[in-house]
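As C-alpha cells, the structure follows; a few thoughts come after it.
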Amino acid sequence: MDATTDTPETPDPRATPAAPAAPRIVVGGALVRGGRVLAARRSAPEAVAGRWEFPGGKTEPGETEAQALERELLEELGVRARALTRLPGAWAVRPGLELRFWAAELLAGEPRALEDHDALRWLGPDELDAVDWIDHDRDVLPHVARLLTEGGTAGAGGVPTGGDAPSAG
C-alpha cells in the first residue's frame with residue numbers, strides 16, 4: 001500500500017525481479033571401506049523411518065560441502081572421515097534444498113548409529129539393491145556401484161568441486 005494514499009502501489013515495470021536464492025545444500029556420504037559402502041537406516045522422521053540412506057546432512061553457513069559431510073559423519077556416526085570427490089548429480093529435495101553426494105573415506109573410528117539412524121550395514125556392489133533406499137539415495141546407486149567396482153575413488157566419475165576442495169581432515 002502507498003503510505004500516503006492507502007491505495008495499492010503500482011509495481012515499477014523497470015524493476016528487476018529478485019534472483020531466486022541459492023538452494024541450501026544437503027550432503028550425503030558414500031563412506032567406503034574395503035570395497036563396501038556404509039548404508040544407514042533412518043529412525044525418523046516417520047515418512048522415511050525404516051528406509052536406508054547415505055549418512056550426511058545440511059551445510060551450515062560458511063561451511064564447504066566437504067566440511068559439512070565430515071562434521072555430519074562425526075555427529076551421526078562418531079567417525080572421522082575425509083570427503084574425497086563429489087559424485088555426479090544433484091537432486092531437489094524440496095524447494096530451496098538440494099542434495100549432493102560425495103565419496104568419503106573412513107579415517108578413524110567404527111561407525112555407530114548415534115543420530116537419526118537405528119541400523120548400519122556395509123554393502124558391496126552386488127548388495128546395493130538389498131535395502132529399501134530413500135528415493136534420492138537410490139538415484140545415486142549407479143555412481144556408488146562404479147566407485148566400489150573401481151576400487152575406491154580413483155576414476156569415480158566425480159565432478160569438479162568449484163573451489164569446494166575437501167579439507168585435510
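A quick note: this is a predicted structure, and the numbers were derived from the prediction, not measured.
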Self-check item: side chain to side chain contact (heavy atoms under 4.5 Å, CB included) partner of Val27, chosen from Leu69, Thr64, Leu99
Solution: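 Going through Leu69, Thr64, Leu99 one by one, the side chain to side chain contact (heavy atoms under 4.5 Å, CB included) with Val27 is satisfied by Leu69 alone.
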
Side-chain heavy atoms nearer than 4.5 Å, only ILVMFWY residues, links allowed to pass through others: does that put [X] and [Y] together?
| X | Y | value |
| --- | --- | --- |
| Val48 | Leu120 | no |
| Trp122 | Leu114 | no |
| Leu31 | Leu74 | no |
| Leu87 | Val93 | yes |

Quiz item: Leu106 versus Leu38: any side-chain heavy-atom pair under 4.5 Å?
Solution: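 No - every pair of side-chain heavy atoms lies 4.5 Å or more apart.
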
Quiz item: Are Arg36 and Leu148 side-chain neighbours, meaning at least one heavy-atom pair lies under 4.5 Å?
Solution: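 Answer no - side chains too far apart.
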
Short side-chain to backbone donor-acceptor contact, [X] and [Y], under 3.5 Å:
| X | Y | result |
| --- | --- | --- |
| His117 | Glu115 | yes |
| Thr59 | Ala68 | no |
| Arg51 | Trp133 | yes |
| Glu70 | Ala83 | yes |

Quiz item: Do the ring centers of Phe101 and Trp91 come within less than 6.0 Å of each other?
Solution: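 Centroid distance Phe101-Trp91: below 6.0 Å, so yes.
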
